[in-house]
Every structure is written in structure tokens, then in C-alpha cells.
Number of protein chains: 2
Amino acid sequence: MMISTRGRYALRVMIDLAEHKTDGYIPMKEVAARQEISLKYLERILPVLVKNGLVEGVQGKGGGYRLSRVPEECTVGEILRLTEGNLAPVACLDCNAEVCEKKDTCKTLSMWTEFHRLTNQYFDGITIAELANGKSL
Amino acid sequence: MMISTRGRYALRVMIDLAEHKTDGYIPMKEVAARQEISLKYLERILPVLVKNGLVEGVQGKGGGYRLSRVPEECTVGEILRLTEGNLAPVACLDCNAEVCEKKDTCKTLSMWTEFHRLTNQYFDGITIAELANGKSL
DNA sequence: TATCAACCTACTAAACAAGTAGGAATAGTG
DNA sequence: CACTATTCCTACTTGTTTAGTAGGTTGATA
């Protein structure tokens with residue numbers, strides 16, 4: 001019942017990119033230094049955000065990353081689903097998992113389903129812009 | 001971001017005890033057979049429920065377990081907190097964890113705190129009685 | 001051509017999950 | 001008393017996941 005460092009670091013990177021937004025690209029080396037996270041580890045986390053169009057990476061000197069959209073349009077839910085795989089509390093709700101054979105008689109399934117819905121709704125309702133601005137919830 | 005088998009099995013045991021309630025004690029062997037869960041594994045999960053007064057265990061022939069309270073007074077939240085340790089989404093919110101040194105400037109802490117509150121509120125609002133009766137949520 | 005950056009793959013150490021194994025303590029029953 | 005059925009307790013095991021590290025390749029700019 002935990003969000004791993006992958007998801008938490010991805011979030012911190014996105015917030016950092018929003019806060020230090022310029023017209024150019026920001027090298028991950030700078031973000032890693034500011035956030036005190038291993039650069040090498042961040043390099044392993046970012047590709048999924050690039051592939052799914054949340055950030056753009058440019059190689060070479062003067063390169064780096066920048067947000068693909070304005071921070072107001074980046075939701076926490078989207079970032080966590082990409083980096084954590086899924087926000088489902090039980091495997092039965094994971095779309096990629098095999099179907100549970102007890103699902104028709106399971107007394108707890110609807111509870112998990114509703115919690116899953118609630119979780120997505122909560123995190124989809126928060127944007128990177130709000131976090132960067134320190135909006136209190 | 002998952003509830004482990006410990007929590008899920010504990011819940012199924014509690015529901016089973018509620019459904020097969022008698023004036024005596026129910027051997028875990030029966031519950032394990034009905035729920036198709038390893039008896040040995042359940043024996044490892046139950047002590048925490050006993051210690052915290054959710055169920056009573058009686059050893060020896062004719063012994064077994066029974067709920068300490070009526071199912072209407074057993075909440076899912078209570079059971080999950082005992083078996084999963086804590087429902088906190090990040091370590092910073094775990095009371096037993098060391099205090100995070102970034103907590104004063106952390107842009108995400110309030111988001112996690114609110115989610116934690118929401119999670120507890122959701123699961124505290126569901127009782128074993130409701131699950132046993134198949135109340136749809 | 002040198003430098004700085006993203007990108008890629010393989011490896012590793014530690015922790016955790018999900019159980020198994022083997023018995024000790026306890027309480028009724030013939 | 002011996003037998004049986006049950007909880008209770010500790011240690012072990014096996015596989016997976018987490019949180020990285022190592023060592024490079026590719027690509028852009030100056």
C-alpha cells in the first residue's frame with residue numbers, strides 16, 4: 001500500500017520542470033542536483049514519460065527535457081499510472097492481470113472497485129501546476 | 001500500491017466468521033477449506049487480530065475462533081491497518097518512520113496526507129456486516 | 001572534434017511477499 | 001491417562017520487486 005520512489009521521483013521531476021520552466025530544455029543533471037536524486041536513476045524513469053508524451057527530451061549539448069504541455073494540463077493521476085503501472089489496490093482490478101475466478105461471488109470486489117475509482121478520481125483532480133504553486137488541499 | 005494477501009485474507013476470514021457465526025468457536029481449518037487458503041498461512045495472520053481484540057481464539061479440541069464483536073462493529077479500516085501495518089501511501093506518513101527532513105518544503109506532502117485521510121475514511125466506513133450481506137457500494 | 005546531453009541494456013544488493021515446516025502448548029473426550 | 005484437535009510460535013525458503021549502479025551508444029551543438 002505504498003507509492004514507490006519511481007512515482008514520487010517522477011512527480012518531483014515534473015514539478016521541478018514546471019518551476020524552472022524556460023523557453024529551452026533543462027538538463028536532468030540540474031534537476032537531479034536540486035532534488036537530490038541519483039541522475040542515473042532518473043534517466044531510467046524518464047523514458048516512460050517521454051514515450052507517453054508528458055515530457056520532450058532532446059539529446060546533445062544544450063539539450064535536456066521540458067514539459068510537453070502546460071503544467072495545468074498534467075495530472076498527478078496520469079503520471080502515477082505511468083510510473084507505478086496502475087493505481088489498483090488489488091490485482092483483480094489490473095486490466096493486464098488474469099481474470100479472478102472468484103469474481104462473481106467475491107464479497108469484497110465492489111469495495112476494491114469503488115476504492116480504485118476514488119483513487120483515480122482524487123489523483124486525476126490534482127495538477128502539477130497546483131503542486132508547484134503549493135496549493136493547499 | 002497494493003493490498004497484500006495478508007490484508008485480503010484477514011478480511012475474508014472475518015467475513016467467513018461472520019457468515020458462519022454460531023454460539024461456539026469455528027476452527028480455522030474449516031475457514032481455510034471454504035476460502036481455499038492455506039491453513040498454515042492463516043495461522044500466521046490471525047495472531048495480530050487476536051492481540052488487538054478483533055477475534056478470540058480458543059485452543060484444544062472444540063476450539064477455534066469467533067468474532068469478539070458483532071460484525072456491525074468491525075470496520076475494514078481497522079482490519080487493514082492491523083494486517084497491512086498502515087494505510088499510508090508514502091513512508092513519510094507512517095508514524096513509526098523517521099521524520100522526513102524535506103517535510104517543510106515538500107510540495108507533495110499535503111496531497112499524500114489528504115489521500116491518506118481519504119483512504120482511512122473510506123475503509124473505516126465499511127463494516128464486515130455490510131460485506132457479508134453483500135451490500136453494493 | 002570535443003563536449004554535453006539523452007538513451008539503452010545489463011547487472012546487483014537488499015527487502016518484501018507469500019508461503020512452508022515442524023513443532024509446543026492447551027483443552028476437551030473415550 | 002492417552003488421544004485428538006486445535007491454537008500458537010519460530011525459523012526457514014523461494015520468488016519477486018525495489019532502488020539503484022555500471023558502462024556504454026547515439027545525437028546535437030560550439
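Contact check of residues 17-42 of chain A against DNA chain D (heavy atom, cut-off under 4.0 Å) returns A:S38, A:K40, A:Y41.
Across the interface with DNA chain D, nearest-nucleotide mapping of B:K51 and A:R6 shows B:K51 to be the residue nearer the 5′ end.
Regarding B:Y65, its OH atom lies at a distance of 17 Å from the P atom of D:dA5, rounded to whole Å. The separation between A:I45 atom CD1 and C:dC7 atom C1' is 15 Å, rounded to whole Å. The CE-C1' distance, from B:M2 to C:dC16, rounds to 14 Å in whole Å.
Here A:Y25 is tied into one hydrophobic group with A:V58, each link being a pair of ILVMFWY side chains closer than 4.5 Å.
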Nucleotide N/O of nucleotides 10-15 of chain C paired with protein N/O under 3.5 Å:
unit_1: C:dA10; atom_1: N6; unit_2: A:R44; atom_2: NH1; d: 3.3

Pull out every protein N or O sitting under 3.5 Å from an N or O of nucleotides 25-30 of chain D, one pair per line with the distance.
unit_1: D:dT26; atom_1: O2; unit_2: A:Q59; atom_2: NE2; d: 3.2
unit_1: D:dG27; atom_1: O4'; unit_2: A:Q59; atom_2: OE1; d: 2.9
unit_1: D:dG27; atom_1: N2; unit_2: A:G60; atom_2: N; d: 3.1
unit_1: D:dG27; atom_1: N2; unit_2: A:K61; atom_2: N; d: 3.4
unit_1: D:dA28; atom_1: N3; unit_2: A:K61; atom_2: N; d: 3.4

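A 4.5 Å side-chain heavy-atom check between B:I45 and B:V13 finds every atom pair outside the cut-off.
Phosphate proximity of C:dA18 to B:S4: present, with a side-chain N or O under 4.0 Å from OP1 or OP2. OP1 or OP2 of C:dA18 has not a single side-chain nitrogen or oxygen of B:Y9 nearer than 4.0 Å. Checking the phosphate oxygens (OP1, OP2) of C:dA18, a side-chain nitrogen or oxygen of B:T5 falls inside 4.0 Å.
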Side chains of residues 35-42 of chain B: which donor-acceptor partners sit under 3.5 Å, not counting sequence neighbours?
unit_1: B:Q35; atom_1: OE1; unit_2: B:R12; atom_2: NE; d: 3.2
unit_1: B:Q35; atom_1: NE2; unit_2: B:D16; atom_2: OD2; d: 2.9
unit_1: B:S38; atom_1: OG; unit_2: B:K40; atom_2: N; d: 3.3
unit_1: B:S38; atom_1: OG; unit_2: B:Y41; atom_2: N; d: 3.0
unit_1: B:Y41; atom_1: OH; unit_2: B:T5; atom_2: OG1; d: 3.1

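Between B:E78 and B:R69 there is a salt bridge, since a side-chain N of the basic residue sits under 4.0 Å from a carboxylate O of the acidic one.
Aromatic rings from A:W112 and B:F123 are positioned such that their centres are separated by under 6.0 Å.
For the side-chain contact (heavy atoms from CB on, under 4.5 Å) test, no residue two or more places apart in sequence or in another chain qualifies with A:Q59.
Screening B:T127, B:I79, B:L131 for a side chain to side chain contact (heavy atoms under 4.5 Å, CB included) with B:M14, the sole residue that qualifies is B:I79.
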